[in-house]
Amino acid sequence: MTDISQDGAPRRVRPALMRKLSGTERMFTLGGAIMHVIGMGYSDDLGTADLAYYVVSDVALTQRILRLSNTVQYRTLSGTPVTTISRAISLLGFDNVRAAALAMLLVDALDTAEHGVRVELEAALCASLVGRELARHSPIPGAEEAAICALFKNLGALLLASHEPERYREIAAIVAAGKHTPSQAAQLILGCSFETLSEAILREWQMPGLIVQAQAALPPGPLEAAPDRDQWMRQVAAFSRDVARLMGRHHDPAAAPETQELIARYGAALGVDHPAMVALYDEVQEGMNGMLQSMNLERAPKHDPKAASSLPNVLALATLDAGEDDEGEFYPSGKPKNARDLLLAGVQDVTLLGGSGAGVNDVIMAVLETLYGALGFRFATVCLRDVRTKQFRARVSLGEGSVDLQDGFVFPCAFTRDVFHLALENDADMMIADAFSPKIRDLLPAWYKTLLPDAESFIVLPLVVGKARVGLIYADRIFTAPEGVAPDETALIKALKAQVLAALAPQGANNPQT
């Protein structure tokens, strides 16, 4: 497994995300509300009264806590419905209600329609319940804080999915390739691990030191019993997150081989064996059912629905999206069947190149070489806008006849209804599998048909910085490509494009020499 150094130059995504979280009123308000609820746990006299007053003052939160109190897991033996928050706190316990209130604050602040947000939110809720169960059986004073530490262990990934979904998908694709952990993949794309991002956000929100420190990464390998409460919290937070991820992937987590891996890593430190894990899964699953029921949330779908766009139907169908994984060497189109691995290696190389201070042209060439080789293209070029001539013009090219083709790959900036301007107008990455289909043919400009009459499939990646249409990446083959592009390949292609955009941004969208 490749070792990703924490000392690498950070991507611009991390500071941009931190500015967004610090400067957005909704996130500022969320941080303040979370700090207020957490602070209630540090008042022996007024904590319960403050929590009850806080919950009652929010009608939606009141309804959710009461629904949670009346779920199967908490329903009283008498069957009498719980109708007051005071009784709910008595039944659920102060710490359970406080943790539930914090979880519900996250739900209200984020767009749960976004697939990644739903996945990470469920993981955070699940981790909180795991932390609660471990605290319930622990003799450590103040162990109940473990549920809150575990809830925020996933905060970095959760807020990234909410505010930078493209970066989140790029990280998910790298993890799916099986060669990197989520922390390593985040390091590649963000320049920091998810744990570091969570710590930074919690510090920005001025959370208690115990909660911030619990987000720190643990050393690899089997863990020993913690010497103090702070270290135990770190272990519980990490274990809770790992259990939540496992439960999110498997219908029967107790039978998954990862369960034995968790026992090997955390067993001695937290006193968990296989029977204990089975019991934990059962308790947490029941708690999750009640939690989601109280919030009127359903399980996240397995696939991210494709967002609507203003593209013509024929181009919407061509946007980089689904594809089937396959074995072997090459598709008939010439695309390597190990394209994902080749793209992943390219993302790593280009990320390190960008972090070393390389120039714009070096980054562009490295990205172009990766796309050209990993996807088996015949000709590939990066086309940039020239403000003096008001044209988009090919600047760097690779492949067959690249010199002559580069000279001819020029088209006006003025909008016409063709595939290139539509891609730029909608900032839509697309793969045209069959350029000779009648509907696609109608959208190809005359200059293109003359220059590349034998291109049967091609890719277009528009380069848009802010609202400025800087140019595009183009690459083609002389055969159709019915195999399409798999979702993990798509995310890696977008990661490469993001490197070009990051390199171009400081140059200025209107610089004719870009």
Side-chain angles (χ1 to χ4, degrees), residues 1-8 14 120 123-124 126-135 137-140 142-160 171 174-175 179-188 190-203 207-249 253 256-274 276-277 280-281 284:
M1 182 177 289
T2 305
D3 181 34
I4 306 300
S5 170
Q6 289 287 343
D7 297 328
R14 180 190 172 190
E120 298 300 338
C126 184
S128 175
L129 295 175
V130 174
R132 181 195 69 183
E133 288 302 311
L134 291 181
H137 299 290
S138 173
I140 293 179
E144 61 277 355
E145 292 293 290
I148 295 174
C149 292
L151 176 69
F152 292 122
K153 185 69 174 177
N154 212 40
L155 185 65
L158 177 58
L159 294 185
L160 183 72
I171 292 171
I174 293 174
V175 173
K179 295 184 179 180
H180 295 81
T181 66
S183 291
Q184 290 173 332
Q187 178 70 36
L188 276 173
L190 304 180
C192 69
S193 67
F194 278 139
E195 289 90 350
T196 301
L197 182 59
S198 296
E199 286 184 69
I201 294 166
L202 291 172
R203 288 187 194 281
M207 293 294 112
L210 174 71
I211 296 174
V212 176
Q213 293 159 16
Q215 310 310 311
L218 294 171
L223 301 172
E224 298 179 355
D228 54 40
R229 177 173 176 252
D230 289 1
Q231 182 66 8
W232 183 81
M233 290 289 180
R234 284 180 64 191
Q235 292 178 348
V236 171
F239 174 75
S240 300
R241 176 203 57 197
D242 291 348
V243 169
R245 285 177 177 167
L246 175 57
M247 293 185 68
R249 292 194 302 268
E258 292 95 324
T259 289
Q260 292 303 323
E261 295 173 9
L262 289 176
I263 294 171
R265 177 161 166 75
Y266 297 99
L270 300 177
V272 291
D273 54 17
H274 196 270
M277 292 293 287
L280 177 66
Y281 291 142
V284 171

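Positions are given from 1 along the sequence.
- The shortest non-hydrogen separation linking Ala146 to Gly131 is CB-O, 3.9 Å.
- The side-chain heavy atoms of Cys149 and Val236, taken from C-beta on, include no pair separated by under 4.5 Å.
- A salt bridge does not link Arg265 to Glu258: none of the charged nitrogens lies less than 4.0 Å from a carboxylate oxygen.
- Annotation for Asp273 and Ala276: closest pair OD1-N, 3.0 Å, computed over non-hydrogen atoms.
- The distance from atom CD of Glu195 to atom CD of Gln187, rounded to the nearest 0.5 Å, is 10.5 Å.
- Between Glu145 atom CD and Met233 atom CE the span is 6.0 Å, to the nearest 0.5 Å.
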For this session: Walk me through it: do Lys153 and Glu199 pass the test salt bridge (Lys or Arg N to Asp or Glu O under 4.0 Å)?
Result: CA-CA 9 Å; Lys153 185 69 174 177; Glu199 286 184 69; over 6 Å; no
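- Between Thr196 and Leu190, every side-chain heavy-atom pair lies at or beyond the 4.5 Å cut-off.
- Looking at heavy atoms from C-beta onward, Leu218 lies in side-chain contact with Gln231 at the 4.5 angstrom threshold.
- Looking at every heavy atom in both residues, Ala123 comes nearest to Ala244 through O-CB, 3.3 Å.
- Between Gly156 and Ile201 the shortest heavy-atom distance is CA-CD1, 4.3 Å.
- Taking all atoms of both residues into account, the shortest heavy-atom contact from Ala135 to Ala143 is CB-O, 3.1 Å.
- Here the CG atom belonging to Leu188 is positioned 11.5 Å from the OG atom belonging to Ser183, to the nearest 0.5 angstrom.
- Interatomic distance, Thr259 OG1 to Leu280 CG, rounded to the nearest 0.5 Å: 9.5 Å.
- Here CG of Leu158 is found 9.0 Å from OG of Ser198. Values are rounded to the nearest 0.5 Å.
- Listed here is the closest heavy atom pair of Ala264 and Pro222: O-CB, 3.6 Å.
- Residues satisfying the salt bridge (charged side-chain N to carboxylate O under 4.0 Å, His left out) test with Arg229, not counting sequence neighbours, are none.
- For the pair Tyr281 and Val243, the minimum side-chain heavy-atom distance is below 4.5 Å.
- In this structure the side chain of Pro182 reaches within 4.5 angstrom of the side chain of Arg245, judged on heavy atoms.
- Note that CE of Met277 and CZ of Phe239 are 4.0 Å apart. Values are rounded to the nearest 0.5 Å.
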For this session: Walk me through it: do Phe194 and Asn154 pass the test side-chain contact (heavy atoms from CB on, under 4.5 Å)?
Result: CA-CA 8 Å; Phe194 278 139; Asn154 212 40; over 6 Å; no
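- No donor-acceptor pair closer than 3.5 Å links the side chain of Gln215 to the backbone N or O of Val212.
- Proximity of Pro227 to Trp232: side-chain heavy atoms (C-beta onward) are nowhere separated by under 4.5 Å.
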